[in-house]
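Contents: one structure, followed by commentary.
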Amino acid sequence: MKKILIVAATAGLMSLAACNGGTTNTTAENVADSHEANAAIYDDAADNTSNAAAADVLENAADVEENAADAADANAH
């Protein structure tokens, strides 16, 4: 009886493993989405400021967020 249970459990686990076609790192995708949203916020803030120095800082922050989004997206696959 124990052998039958072990064989059945092994077959079940093997069938589950066979069904798994590939995984996607949804956490990395969510992080990338968050960085992209932050970049958009920084871009909007840069567009809405009349101070050129502040606009440059905000645009640089947007670039940093976009780079972080690209890195996170690369890790998602």
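Starting from 1, each residue takes its place in the sequence as its number.
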Please report, to 0.1 Å, the donor-acceptor pairs under 3.5 Å made by any side chain of residues 41-55, with sequence neighbours excluded.
| residue | atom | partner | partner atom | Å |
| --- | --- | --- | --- | --- |
| Asn48 | ND2 | Asp44 | O | 3.1 |
| Thr49 | OG1 | Asn51 | N | 3.3 |
| Asn51 | OD1 | Ala53 | N | 2.9 |
| Asn51 | OD1 | Ala54 | N | 3.3 |

Side-chain donor-acceptor pairs of residues 61-68 under 3.5 Å, sequence neighbours excluded:
| residue | atom | partner | partner atom | Å |
| --- | --- | --- | --- | --- |
| Glu65 | OE1 | His35 | ND1 | 2.6 |
| Asn67 | ND2 | Asp63 | O | 3.4 |

Provide the closest heavy-atom pair for Ala28 versus Ala72 in the form atom of the first, atom of the second, distance.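 The pair with the smallest heavy-atom distance is CB-O, 3.5 Å.
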